[in-house]
Amino acid sequence: MNAAEQEASDVTQEAPEVNPQYLQQLKDLDIPEEEAKKALILTGNVSAEEAAIFYFDSLENQNPIAAQVGHGAVGLYQLMLRNSKTKEVADKWEEYGAKKIVLQGSSTSHLLELQALAISLDLPTYLVQDAGRTQIAAGSRTVLAIMGEEEMVNKVTGKLKLLN
């Protein structure tokens, strides 16, 4: 266990309870419960958003693809919660298990084409642009998150392969 992991372990053993609503939001994003608690504690239990960003930034050093996908899921979810038109869809998604499927696009231009098609079908989207703090160049568009009824999303993504 390195020093940061030991500190996080020490913090979780002595720390006050975390906000259960924030914890549930993080678990709905498939963040393991113990990792979610650590992230909440280490970010001052301020918000699920702060904790999610902390968690996915820490993953970036271990697995850049997983971190990018995480940023996409969190970004789209947060965007939808802020919009009265899409908040109900986000709440329903969360209520029914927060299903996520990761597919592979071929290039940035392909992601942009998929985003345009999704928008034309009135599907909410979120395009991740990397901050450039790790191996991925700043400004790189890495992940497109799309949410909606499966049949509609498949009109955009139906020909894509699962990410290996």
Side-chain angles (χ1 to χ4, degrees), residues 4-5 8 18-19 21-83 85-87 89-119 121 123-148 150 152-154 156-157 160-164:
E5 290 170 333
V18 297
N19 180 308
Q21 183 179 0
Y22 297 160
L23 179 61
Q24 186 59 51
Q25 289 173 342
L26 294 170
K27 288 169 56 180
D28 288 341
L29 293 169
D30 287 336
I31 297 174
E33 184 169 347
E34 288 305 310
E35 295 299 316
K37 286 179 180 177
K38 286 178 193 176
L40 283 165
I41 292 165
L42 292 171
T43 58
N45 209 25
V46 173
S47 71
E49 179 179 358
E50 288 294 320
I53 290 168
F54 176 86
Y55 173 77
F56 289 118
D57 280 349
S58 69
L59 275 186
E60 202 131 357
N61 293 324
Q62 300 167 25
N63 186 338
I65 294 173
Q68 294 298 307
V69 170
H71 287 310
V74 170
L76 180 58
Y77 182 68
Q78 291 171 339
L79 187 69
M80 292 180 68
L81 287 177
R82 290 185 205 126
N83 182 330
K85 182 180 171 187
T86 58
K87 184 180 182 328
V89 174
D91 289 340
K92 190 175 175 181
W93 174 75
E94 182 179 346
E95 181 181 337
Y96 290 101
K99 180 180 178 179
K100 291 166 277 318
I101 299 172
V102 181
L103 305 170
Q104 187 171 339
S106 59
S107 65
T108 299
S109 61
H110 187 220
L111 292 180
L112 294 171
E113 289 170 16
L114 294 170
Q115 183 180 37
L117 178 56
I119 290 169
L121 295 171
L123 295 170
T125 68
Y126 183 86
L127 186 61
V128 175
Q129 260 189 277
D130 194 76
R133 290 185 224 130
T134 60
Q135 308 94 310
I136 300 169
S140 296
R141 294 175 176 140
T142 57
V143 170
L144 173 64
I146 304 170
M147 189 181 297
E150 187 172 348
M152 292 299 290
V153 173
N154 282 343
V156 179
T157 63
L160 300 177
K161 294 179 181 179
L162 288 172
L163 181 66
N164 293 328

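Note that this is a predicted model, so its numbers are computed, not measured.
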- Task: Measure from the side-chain N and O atoms of Asn45 to the backbone N and O of Asn19, and report whether any donor-acceptor pair falls under 3.5 Å.
- Result: yes

- For Gln68 and Asp130, the nearest pair of non-hydrogen atoms, with its separation, is NE2-OD1, 2.6 Å

- Message: Could you tell me if the side chain of Val74 sits less than 4.5 Å from the side chain of Phe56, heavy atoms only?
- Response: yes

- Over all heavy atoms of both residues, which pair between Thr125 and Leu144 is shortest? Give the atoms and the distance, please. CB-CD1, 3.9 Å

- To the nearest 0.5 Å, how far apart are NZ in Lys100 and CE in Met147? 8.5 Å

- Item | Side-chain heavy atoms of Thr142 within contact of Val69, under 4.5 Å | no

- Out of curiosity, Leu114 CG to Ile119 CD1, how far, rounded to the nearest 0.5 Å? 11.0 Å

- Query: At their closest point, which heavy atom of Asp28 faces which heavy atom of Trp93, and how far apart are they?
  - Reply: O-CH2, 4.4 Å

- Answer whether the closest heavy-atom distance between the side chains of Leu162 and Leu103 falls below 4.5 Å. yes

- Note on the structure: Taken to the nearest 0.5 Å, the spacing of Gln104 CD from Lys161 NZ works out to 8.5 Å

- Message: For Ser107 and Ser109: C-alpha separation, side-chain torsions, deciding distance, then whether side chain to side chain donor-acceptor pair (under 3.5 Å) applies.
- Response: CA-CA 5 Å; Ser107 65; Ser109 61; 3.0 Å; yes

- Compare all side-chain heavy atoms of His110 with those of Leu160 and state whether any distance is below 4.5 angstrom. yes

- Rounded to the nearest 0.5 Å, how far apart are CD of Gln25 and CD of Gln78? 9.0 Å

- Item | Minimum-distance pair of heavy atoms, taken over all atoms of Ala39 and Ala51 | CB-O, 3.5 Å

- Query: With sequence neighbours left out, what residues match Glu95 under salt bridge (charged side-chain N to carboxylate O under 4.0 Å, His left out)?
  - Reply: none

- Look at atom CD1 of Ile65 and say whether more than 12 heavy atoms of other residues, nucleotides or ligands are closer to it than 6.0 Å. no

- Task: Check whether any side-chain N or O of Tyr77 sits under 3.5 Å from a backbone N or O of Ala90 as a donor-acceptor pair, and report yes or no.
- Result: no

- Under 4.5 Å between any side-chain heavy atoms of Leu112 and Leu127, yes or no? yes

- Between Ala48 and Leu26, which heavy-atom pair has the shortest distance, and what is it? O-CD2, 3.4 Å

- Item | Any donor-acceptor N or O pair under 3.5 Å, side chains Thr43, Glu50 | no

- Query: From Glu150 CD over to Thr157 OG1, what is the distance, rounded to the nearest 0.5 angstrom?
  - Reply: 8.5 Å

- Message: Testing the basics here: between Ile101 and Lys99, what is the closest heavy-atom pair and its distance to 0.1 Å?
- Response: CD1-CE, 3.5 Å

- Task: Can you measure from OG1 (Thr108) to CD (Gln129) and round to the nearest 0.5 angstrom?
- Result: 9.5 Å

- Item | SB check Lys38 Glu34 (cutoff 4.0 Å) | no

- Query: So, do Val143 and His71 sit near enough that their side-chain heavy atoms are less than 4.5 Å apart?
  - Reply: no

